[in-house]
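Predicted model only: the values in this text are computed from it and were never measured.
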Amino acid sequence: TQSTWEHGTSLFCVLSENCDEKSYTGLIEGLCNSHGVTLVKYPDNKKLGELAGLCKMDKDGNARKVVSTSTVVVTDIGTSTAGWSYLSEKYGLKDKAVHIEADA
């Protein structure tokens with residue numbers, strides 16, 4: 001994730017609100033501010049991990065063995081979708097051509 005800050009390739013950053021490491025939260029908020037990256041707060045780190053694909057899917061399509069994450073940095077949205085349109089309008093994000101990096 002550090003290289004995405006250094007190279008300016010971050011579209012936006014998602015930070016879980018239930019991260020209990022205040023110093024880590026402060027670091028991420030500071031990085032977003034200093035690099036002009038939009039910070040989106042998400043309520044639950046377990047669900048954030050699932051949304052980032054940090055899990056195994058069972059045969060019925062249910063997430064299993066979900067790994068929690070405090071931060072997801074999006075650098076590429078891939079194909080534009082209705083979900084991306086919603087996020088870009090709500091948070092004023094730029095449209096760039098989804099690779100997600102996550103720090104646990």
Side-chain angles (χ1 to χ4, degrees):
T1 302
Q2 183 177 358
S3 65
T4 63
W5 301 112
E6 293 169 354
H7 297 283
T9 58
S10 303
L11 290 175
F12 64 98
C13 176
V14 184
L15 176 65
S16 69
E17 292 175 338
N18 65 343
C19 175
D20 56 0
E21 291 292 327
K22 298 298 177 197
S23 60
Y24 181 77
T25 301
L27 172 67
I28 297 301
E29 289 172 343
L31 283 168
C32 287
N33 285 333
S34 66
H35 292 282
V37 175
T38 301
L39 179 64
V40 177
K41 295 203 175 174
Y42 192 80
D44 182 61
N45 58 2
K46 187 115 178 159
K47 184 66 177 175
L48 182 57
E50 179 183 341
L51 293 171
L54 301 175
C55 60
K56 303 254 184 205
M57 302 301 275
D58 68 15
K59 63 180 178 170
D60 297 323
N62 299 310
R64 302 283 182 232
K65 298 183 181 180
V66 178
V67 177
S68 298
T69 187
S70 297
T71 308
V72 173
V73 177
V74 178
T75 60
D76 186 346
I77 61 112
T79 304
S80 189
T81 63
W84 172 249
S85 295
Y86 170 80
L87 286 174
S88 62
E89 286 177 25
K90 182 170 181 161
Y91 296 104
L93 305 171
K94 300 175 196 153
D95 191 23
K96 294 185 184 176
V98 165
H99 175 73
I100 298 176
E101 293 185 34
D103 287 334

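Among residues at least two apart or in separate chains, salt bridge (Lys or Arg N to Asp or Glu O under 4.0 Å) pairs with a member in residues 51-61 are D58-R64.
Hydrophobic clustering keeps V67 apart from M57 (ILVMFWY residues linked when any side-chain heavy atoms are closer than 4.5 Å, directly or through intermediates). L51 and V66 fall into different hydrophobic clusters, defined by Ile, Leu, Val, Met, Phe, Trp and Tyr side-chain heavy atoms under 4.5 Å apart, directly or through other members.
To the nearest 0.5 Å, atom OG of residue S34 and atom CD of residue E29 are 12.0 Å apart. Here the straight-line distance linking atom CD1 of I28 with atom CG of N33 works out to 11.5 Å at 0.5 Å rounding. The line from NZ of K41 to CG of L48 is 13.5 Å long, rounded to the nearest 0.5 Å.
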Contacts under 3.5 angstrom, residues 14-22 side chains, donor-acceptor by atom type, not counting sequence neighbours:
residue, atom, partner, partner atom, Å
N18, OD1, N45, N, 2.9
N18, ND2, D44, OD1, 3.4
N18, ND2, N45, OD1, 3.3

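With sequence neighbours left out, the salt bridge (Lys or Arg N to Asp or Glu O under 4.0 Å) criterion links K46 to no other residue.
When all heavy atoms of C13 and V73 are compared, the pair lying nearest together is SG-CG2, 4.1 Å.
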Between L39 and V37, does the side-chain contact (heavy atoms from CB on, under 4.5 Å) criterion hold? Intermediate values first, please. CA-CA 6 Å; L39 179 64; V37 175; over 6 Å; no

